[in-house]
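Computed from a prediction, not measured in an experiment: that's the story for all the values here. Naming convention: chains lettered A, B, ... in sequence-line order (proteins, then strands); numbering from 1 in each chain.
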Protein chains: 2
Amino acid sequence: MPGGYRQFCPIALASETLTQRWMLLIVRELCAGATRFGEISRGVPGITATLLKRRLDTLEQAGVIERYAAGHTRHAYRLTRAGEELRPVLAGIGTWGQRWARDIRPDDLDPGWLVWAMHRRLDTAAMPPGRTVIGFIFSDALPHQRRFWLVCSHPEVEVCLQPPGHEEDLIVTTTVRAMAEVWRGLRPLTPEMRSERILLAGRLALRRAFPRWLKLSMFAGVERQTRP
Amino acid sequence: MPGGYRQFCPIALASETLTQRWMLLIVRELCAGATRFGEISRGVPGITATLLKRRLDTLEQAGVIERYAAGHTRHAYRLTRAGEELRPVLAGIGTWGQRWARDIRPDDLDPGWLVWAMHRRLDTAAMPPGRTVIGFIFSDALPHQRRFWLVCSHPEVEVCLQPPGHEEDLIVTTTVRAMAEVWRGLRPLTPEMRSERILLAGRLALRRAFPRWLKLSMFAGVERQTRP
DNA sequence: CAGGATCCGATTAGATACTG
DNA sequence: CAGTATCTAATCGGATCCTG
C-alpha cells in the first residue's frame, strides 16, 4: 500500500498527495509567488532537483499546479484553482505551527533561507527611490554563510551571496537566531535593535525606516503558546 | 535528514510530525471521539499495531495527545489543547479533499470502514426507544465482508460482524459504492432509495425514518468540484 | 537553467509471532 | 485488549554525474 490509504474519506484522499515529503513546502513556495523551478528550489533547500521534479509532476497530476510556457524553451509553474484553495489549508497549518510546533533548534537556523524569506516580502514601496543595498552579517554563521546582500529596486529584490559591487546603504549585523526569532514574530524588532542584538549601520533615516521595510512572516502575528 | 526539514518556518515545523504517514488519520479518529487504542485502530485499518503505537508516542511527544488512565491497567488517549486546535486544520484538509481530491477507486471501498464511519454518527436520539438493529447487505463485497449489523441503543451503537442474535428491525441492501457515495454527499439518499440502489426492508415507519438517523460525513455538504 | 539517468543506502513500513 | 519484539523488504530520499 505504498503512499495511499485505501480509504474514501476526504481527509485520507487529500493526505495521499499532500502529506508526501516536501509537498507542503513546495506548495508554500508557489503560494508565496515562486513560479520557476529554480525559485521553488531555493525556497526548499534540502530537496534535490530529481525529487523536486517528481513532486512537481505529482502535484500536476493531482491538479494542484500546472506548467505553462514562459518564453520558448523555458517554462514555469502556477497554482490551479484547486491549488489556490490550498492557501487556507497552509495558513491553518502554519498558524498551528506558530502556536504549537516544537521550538527552533540550531539545525533549523539556515541564514540563506532566512534571507530568502525576507527578500520575498520586503516592502520596496516604502524604500527610497532608486537602488538600496542592504548587507547582512550573521556573526554566528559558518564563514561561507556569514554575509548576504539584498539589492532592492522597485519592485525587484535580488539576493546576492557575493558583494554586489555597489556600496551598502545599510548593514545589519546580528545572529541568525535573533533575526529568525524576530522574523517569526517571537520577539519584537525594536528591543532587539536597542539592545544591539540586531545592529544597524548606515544613515539614520535608513536605520529608522528599516523596520517598515521588513515584513515579517505571515504568522508573526499569531501568538505562540506554551505547552503545559 | 530523516523526517525533519531543518527549517524554522512554522509550516515546516508543523509538517514534521503532521505529515508522517497515518498521522492525520489518527488525529481524525481522535477528533471523531475515539479514545482507546482499539477504537483508533478500527478507524485506521491498514496500520499495524506496532506503527500505531509509534505514532501515538510521537503525537504525545509533540504535545498533540495525552495518555490517561482509564480504569486500572487500561488507558486511553485524548487530544490536548494543541490537539484540539488541529480540528480546523483537519476540517480544512477534508474540505479540500471533498472538493478536489481524486475520485474514489474500487480499492478504497472498504465496507467495514464505511459501517464504522456510519456508526459513529448515527443519531440514536431520533430512533425509537429501546434497541434497534440495522442489518447491512453489501451485494458487491467479498463474502466475508457482505454483512454487518448495527445494534443501536441510547446512545451506544455497536458494530457487529456476526449476527447479533436479535431480529433486524431494518435491513439495508445496497452496494458499497452507492452507500459510500451517499455518505460522502456525492449523491442524495432519497433518489438512491427510490431507484432501489439502496433498498430498505422493514416496517414502513422505520424505513421512512432511516434518512434522519443517518448523519453523513462531516464534509457531505461541501460541493465537489470537477477539474477542468 | 531545468532537469534526466543511475545508483546506493538508510529508514520505515509492514508481516508475523508473541505477551502481560 | 493493548501492546512488544523481531525480521524482512521495499520504498524513498539523497548523491552524483550527465544533458538539451
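- Here the P atom of nucleotide dA2(C) and the CG atom of L56(A) are 11 Å apart, to the nearest Å.
- Rounded to an integer number of Å, the gap from I40(B) CD1 to dG3(D) C1' is 13 Å.
- Side-chain contact check for W100(B) and Q225(B): no donor-acceptor pair (N or O, by modelled atom type) lies under 3.5 Å.
- Applying the 3.5 Å distance criterion, the base of dA2(C) shares no donor-acceptor pair with the side chain of S41(A).
- Straight-line distance from the CG atom of L52(A) to the C1' atom of dG13(D): 13 Å, rounded to whole Å.
- Residue R21(A) has a polar side-chain atom (N or O) positioned under 4.0 Å from OP1 or OP2 of dG14(D).
- Listed pair H75(B) / dC1(D) fails the phosphate criterion, with no side-chain N or O lying under 4.0 Å from OP1 or OP2.
- When rounded to the nearest whole Å, the span between CD1 of I47(A) and C1' of dA15(D) equals 14 Å.
- The cationic group of R78(B) lies under 6.0 Å from the six-membered ring centre of Y68(B) and within 45° of the ring axis, placing it in a cation-pi geometry.
- Between K53(B) atom NZ and dA13(C) atom C1' there is a gap of 18 Å when expressed in whole angstrom units.
- At whole-Å resolution of the value, CD in E39(A) and P in dC1(C) are 12 Å apart.
- A donor and an acceptor atom never sit less than 3.5 Å apart when one is taken from the side chain of T50(B) and the other from the base of dA13(C).
- A side-chain donor from one of E39(B) and T35(B) sits under 3.5 Å from a side-chain acceptor of the other.
- To the nearest 0.5 Å, the span separating CZ on R184(A) from CZ on F219(A) amounts to 10.0 Å.
- The phosphate of dG3(D) has neither OP1 nor OP2 within less than 4.0 Å of any side-chain N or O from R74(B).
- For R36(A), the listed nucleotide lying nearest its side chain is dC1(C); candidates were dG14(C), dC1(C), dG3(D).
- In this structure, the nucleotide among dG14(D), dA2(D), dA2(C) sitting nearest to the side chain of W22(A) is dG14(D).
- Residues R54(A) and Q20(A) have side chains that never bring a donor and an acceptor to within less than 3.5 angstrom of each other.
- If you take CZ of F37(A) and C1' of dG20(D), they are 15 Å apart, rounded to a whole angstrom.
- For R67(A) and R54(A), each mapped to the nucleotide of DNA chain C holding its nearest heavy atom, the one lying further toward the 5' end belongs to R67(A).
- Rounded to an integer number of Å, the gap from R42(A) CZ to dC1(C) P is 10 Å.
- Taking 4.0 angstrom as the limit, Y5(B) places none of its side-chain polar atoms (N or O) nearer than this to OP1 or OP2 of dG13(D).
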